[in-house]
Amino acid sequence: MAATRGASGRARTRIWDRFSASDPGLIRLMAALRTVGSIVLTLGVLAALHTQVIHLVAGAMGAMVATFAIREKEQPKQALTLALGLVMALVSVSLGALLGRQIVLSDLVFLALIFCAVYARRFGDRGYTIGLFGFQFYFVSLFVHATLPALPQLWLTLAIAFACAAVSRFLLVRQTTAGTLGRLRTAFRARLAQLVAIQIDMFDADPEDLEKVLVDLRRHTARLHEAALMIQGRLGDNPDDAATADVLQRRVADAEITSERLGMLLLNARSAERADTLTLHLPNAPVPAQPATGLGADTTVILRRDLRALHLLITRLGPEHRGTAQNRLRNRLLGYRDEENLPSGPPAVQDVFRGIGEATRAVLGLRIALDGPGDESDDTAEATRSREEFEAEEVSAGSAVEPVEAEQTGLRRRSTRAAFQVSAGSVLAMIGGEFLSDQRWYWAVLTCWVVFLNTSSTGEILVKGYRRLIGTMSGVVCGVVLAGLVGNHTWTAFGLVLLCIFGMFFTAPLSYALMSFFVTSMLGVLYTLLHTYSVSVLILRIEETALGAACGIIAALIVLPVQTDRRTDQLLRTVLLRLGDVASAAVTQLSGGPTADLLDMARDLDTALDDLRRSVQPLTHPFTPLRERRQTARYLVALLESCAYHARSLAATAELVPYSKRIAADPRLAGAGDRIAHNITVLAARVADEQTAGEIESGASIASMLEETDPAALRSGTVTFRVLRHLQRLDEGVMGLARPLDVPLATPEERRGRRTAA
């Protein structure tokens, strides 16, 4: 009986881990539950007051907007924004009711609200929310055809909706910074365990199955990186505990880097030839599927056993999982950080054992950062040394000051430019929407508004408009089916509306097309409640959506346009500059120079790289007609991801220099670091201006600098060897960027010849 309960408990844990890994921090689930909860409360209160159906719909829409629009992280700020938002909502619906019959003036006010809503983003989260309330509640007044006699009832309805939204947010589905961080840590652990499980599958995979496993490996590596970035983004929500946040950021970054390195080492160990890091980042990259020779059966068994042991340590990372057996398992894996404890085998396999030792150290650091040091009675010498390294790193935590970047002004400011673009597109949408329908023209305006949200270039707007249209068309079909099923059953219709709202908010961060599908399906049911449903209305919804998307694209092309190429070049230059900062600072620290906050630099690099990935989506979309351009964009991003991986690894090693007894600075690395920094600067200048002259410089193998004076340092497994390997790969990646960016390459012989001629 106990065994059955234990098995069922483990099964529930595995299912929960999978769910928490798919929704880091349960942020999507909490947002969907909070919104649905506020709507259910609103409908319950309004139904008890015997409110008309039209006001039930207005209350449901008001509760939904009042819930999802709040963006502040701290609850006192959320409460103040909600109170100010209620005032803005009452003013907005009053304007809509007052100007309902004055078409021209009503359109002008609507247009002014649209401009102010977008422009207000420059004032931060509260400005964004208040502006959104003004626009959305004017839309609500148009949707329910608000009139002056009905205003008192509508005011009461909105007040109830806002009150219910507050109850749902602050009582029923509370979201605190500590709670969100705790759930994010659970998701990170689950994704880390999934990544190690995929790495084990990769080591055991047959050559013909390796490509399929690599696809899963890339996906899980990206998901782990996403969870790490989300944790780092949330750590800044509590500025009063900067030291603890800095320590946790270091531990999370360390776990991510060591797990990614372990995957690369495993790929090398199972292949006869050394794999390139592009294999982990670029689809269709050459797969080294030829199995390696010389792997003894005993070594393979030990390696597989230790990989599973590492996976077990990660799955038992919670505070409730402690014990002597687990400590002994951890100590055995930590022992691989000592060369004397490595099993015999080829150098590539021994590198994997070292990688397991480093990953175990990262898991230990993560446990200490989350749950405290725990029982140290079973520690071996290697475990004690790891703890001492962690303690030394924590001494300097939280002391860095982040630089403040200058903000753009005037029409170059993103919010100002978007305000003019949305306003121009809305004028076109109003005019065109009136030709399609003088009753529901606002759907075109709403689509034009939405396609500009969180977009920065014409290509992004085009892709978003296309996805909204696809979601709307499929949602119309579903709306027809749901409307036929609902009939005159009011509460069944409201139940389906709640399901659609839950799906809308749960899928919004994943797929804009899915979100649009749920929105349109919900509208089919809402029109049934309002007794205005017909198939022609839903077809009109498609037409208005297509018109709004087209108007948004036209406005983006004509009014202060930001071409996708230009936006991508700006972000590419930013990534190169961030890459140069991390590489230069890491090599400087490894050479004995002054220390810097390398983890903050690495986080800035990751953020810039994520922005670039989103920006190139229009270029890499399957429907992009320029296939060669699409391949070039994918290659550039993959090469930058590879360079970022090696730069992060150098930064992680350099962070240990001031505290470790095993890692010493080597001034001979400075020359190679200067050349790499120079090459990155040349690439960034060429991206900024194609007419800029300059060439990148190649050099001899970086390892050759030390080979003559210190050949023992280049032995596989030493810290120097690892640093040189990452430095060499970074150098090769930077030179690889020269070809797609059309930057000339100068060899040492050419430079010497030019100097001689001069």
Side-chain angles (χ1 to χ4, degrees), residues 65 68-72 81 84-85 87-89 91-92 95-96 99 104-142 405-433 441-465 468 512 544-545 547-564 566-567 570-571 611 614-615 618:
V65 176
F68 80 80
I70 304 294
R71 303 181 67 173
E72 283 99 345
T81 301
L84 295 175
V87 176
M88 187 68 204
V91 171
S92 191
L95 281 174
L99 304 176
V104 176
L105 185 57
S106 175
D107 289 352
L108 291 176
V109 171
F110 197 21
L111 190 62
L113 287 173
I114 290 172
F115 180 89
C116 293
V118 180
Y119 185 78
R121 296 179 196 173
R122 62 174 296 187
F123 301 110
D125 290 338
R126 181 165 295 155
Y128 172 91
T129 302
I130 300 301
L132 186 62
F133 280 156
F135 166 76
Q136 288 284 1
F137 282 99
Y138 198 91
F139 169 78
V140 169
S141 70
L142 294 175
E405 295 186 0
E407 187 179 3
Q408 291 182 330
T409 58
L411 293 179
R412 291 178 298 175
R413 191 193 299 270
R414 182 177 172 182
S415 59
T416 305
R417 184 180 65 248
F420 281 102
Q421 289 178 324
V422 174
S423 299
S426 298
V427 170
L428 296 177
M430 285 179 181
I431 296 173
W441 53 268
Y442 45 76
W443 288 124
V445 179
L446 184 64
T447 299
C448 180
W449 154 279
V450 169
V451 295
F452 274 96
L453 290 178
N454 300 320
T455 54
S456 303
S457 67
T458 306
E460 292 180 51
I461 293 171
L462 179 62
V463 170
K464 194 169 184 179
R468 184 173 180 86
Y512 187 68
E544 296 279 3
T545 299
L547 174 65
C551 292
I553 294 169
I554 292 172
L557 288 171
I558 297 176
V559 181
L560 304 174
V562 177
Q563 297 178 350
T564 304
R566 198 174 89 191
R567 173 66 177 168
Q570 291 174 349
L571 293 175
D611 291 341
R614 287 192 293 269
S615 178

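Bear in mind the structure is a predicted one, so any value in this text is a computation, not a measurement.
- Of the inter-residue distances, the one linking Cys116 atom SG with Ile130 atom CD1 reads 13.0 Å to the nearest 0.5 angstrom.
- Of the possible donor and acceptor atoms, none in the side chain of Thr81 sits under 3.5 Å from a partner among the backbone N and O of Arg126.
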Practice prompt. Begin from the C-alpha positions of Phe133 and Val91 and carry the test side chain to side chain contact (heavy atoms under 4.5 Å, CB included) through to its verdict.
Written response: CA-CA 10 Å; Phe133 280 156; Val91 171; over 6 Å; no

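- Partners of Ser92 according to the side chain to side chain donor-acceptor pair (under 3.5 Å) rule, which considers only residues two or more places apart in sequence or in another chain, do not exist here.
- Between Met88 and Gly134, the shortest heavy-atom contact is CE-CA, 3.6 Å.
- Here the side chains of Leu113 and Phe137 are not in contact, with every heavy-atom distance at 4.5 Å or above.
- Not counting sequence neighbours, the partners of Phe139 by the ring pair (Phe, Tyr, Trp, His ring centres under 6.0 Å) test are Tyr442, Trp443.
- The structure places CZ of Phe123 at 14.0 Å from OG1 of Thr129, a figure rounded to the nearest 0.5 Å.
- The aromatic rings of Phe110 and Trp441 lie perpendicular to each other, with more than 60° between the two planes, well past the 30° mark.
- Here the closest non-hydrogen pair linking Val118 and Ala419 is CG1-N, 3.4 Å.
- Legend: residues meeting side-chain contact (heavy atoms from CB on, under 4.5 Å) with Ala555, ordered by chain and number and at least two apart, are Ala424, Phe452.
- Rounding to the nearest 0.5 Å places CG of Leu547 at 12.0 Å from CE of Met430.
- Listed by chain and number, the residues in a side chain to side chain donor-acceptor pair (under 3.5 Å) with Asp611 are Arg614 (sequence neighbours excluded).
- Once rounded to the nearest 0.5 Å, the distance linking CG of Asp107 with CG of Leu142 reads 8.5 Å.
- Considering only residues two or more places apart in sequence or on other chains, Ser106 meets the side chain to side chain donor-acceptor pair (under 3.5 Å) condition with Tyr138.
- Across Ala549 and Thr447, no two heavy atoms sit closer than the pair N-CG2, 3.5 Å.
- Between Ser426 atom OG and Leu446 atom CG the span is 9.5 Å, to the nearest 0.5 Å.
- With ring centers used as reference points, Phe420 lies under 6.0 Å from Phe115.
- Of all heavy-atom pairs between Ala444 and Glu544, the closest is CB-OE1, 3.1 Å.
- The two residues Cys448 and Cys551 come nearest to each other via the heavy atoms SG-C, 4.5 Å.
- Listed here is the closest heavy atom pair of Gln421 and Val559: NE2-O, 2.9 Å.
- Residues satisfying the side chain to side chain donor-acceptor pair (under 3.5 Å) test with Ser141, not counting sequence neighbours, are none.
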